[in-house]
Amino acid sequence: MILHILTKAPDSIVATQMQQAIGGQDAVLLIEEAVTAALDPSWQAWQQCQSRIFLLSEDLISRGLASIATDNELPTLEMDGFVALTEQHEKTVTWY
């Protein structure tokens, strides 16, 4: 089980590479620019990972996207949840 942490926008090459690398037991945390995925609920990774993809609340708030994530019922985590995810997974891969 791997925790994939994406830092780049969902339309980036890095995001595409990450989507190709995700396994069936892996989880995804969207941070920094990646939280703009809240603007596109049809983004392929939302369907690919379903209940295993999360947005970091602090980054949503700093970009003014928190209400959009809430309106689209997208799963969010605060920093404590981020730490818990890292503890639950054997490996962590950060996509820059």
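This chain uses plain numbering: 1 for the first residue, then up along the sequence. Predicted model, so just to flag it, every value in this text is computed and none were measured.
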**Q** Under a 3.5 Å distance rule, please check whether T76 uses its side chain to pair with a backbone N or O of S57 as donor and acceptor.
**A**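 Checked: no pair found.
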
**Q** In Å and rounded to the nearest 0.5 Å, what is the NZ to CH2 distance from K8 to W95?
**A**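 Between K8 NZ and W95 CH2, I get 14.0 Å after rounding to 0.5 Å.
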
**Q** Is there side-chain contact between V93 and L3, with at least one heavy-atom pair below 4.5 Å?
**A**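 No, side chains not in contact.
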
**Q** Please report the interatomic distance CG(L85) to CG(D80), rounded to the nearest 0.5 Å.
**A**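 Separation between the atoms: 11.5 Å.
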
**Q** For A34 and P10, work out which heavy atoms get closest and say how close.
**A**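 Scanning both residues, the minimum pair turns out to be O-CD, 4.2 Å.
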
**Q** Can you tell if the side chain of F54 reaches within under 4.5 Å of the side chain of L56, non-hydrogen atoms only?
**A**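 F54 vs L56: side chains apart.
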
**Q** How many angstroms lie between atom CD of E33 and atom OG of S12, to the nearest 0.5 angstrom?
**A**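 So the gap between those two atoms works out to 8.0 Å.
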
**Q** Could you measure the distance from the CZ atom of R63 to the CG atom of L55? Nearest 0.5 Å is fine.
**A**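 Result: 11.0 Å between the selected atoms.
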
**Q** Hey, are the side chains of F82 and L29 touching, using non-hydrogen atoms and a 4.5 Å cut-off?
**A**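 They are in contact (side-chain heavy atoms under 4.5 Å apart), so the answer is yes.
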
**Q** Is any side-chain heavy atom of L6 less than 4.5 Å from a side-chain heavy atom of Y96?
**A**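 L6 vs Y96: side chains apart.
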
**Q** When rounded to the nearest 0.5 angstrom, what distance separates CG in L74 from CH2 in W46?
**A**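 L74 atom CG to W46 atom CH2 measures 4.5 Å (nearest 0.5 Å).
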
**Q** Any side-chain heavy-atom pair from V28 and M18 closer than 4.5 angstrom?
**A**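 In contact.
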
**Q** Hey, is the main chain of Q19 close enough, under 3.5 Å, to the side chain of Q48 for a donor-acceptor pair?
**A**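 The answer is yes, because a donor-acceptor pair under 3.5 Å joins these two groups.
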
**Q** Return the CD to CD distance between E90 and Q25, rounded to the nearest 0.5 Å.
**A**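 Rounded to the nearest 0.5 Å, the CD-CD separation comes out at 10.0 Å.
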
**Q** Hey, does the side chain of D26 reach the backbone of I22 with a donor-acceptor pair shorter than 3.5 angstrom?
**A**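 The answer is no, because no donor-acceptor pair under 3.5 Å joins these two groups.
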
**Q** What is the minimum heavy-atom distance between E58 and M79, and which atoms define it?
**A**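 Looks like OE2-N, 3.2 Å.
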
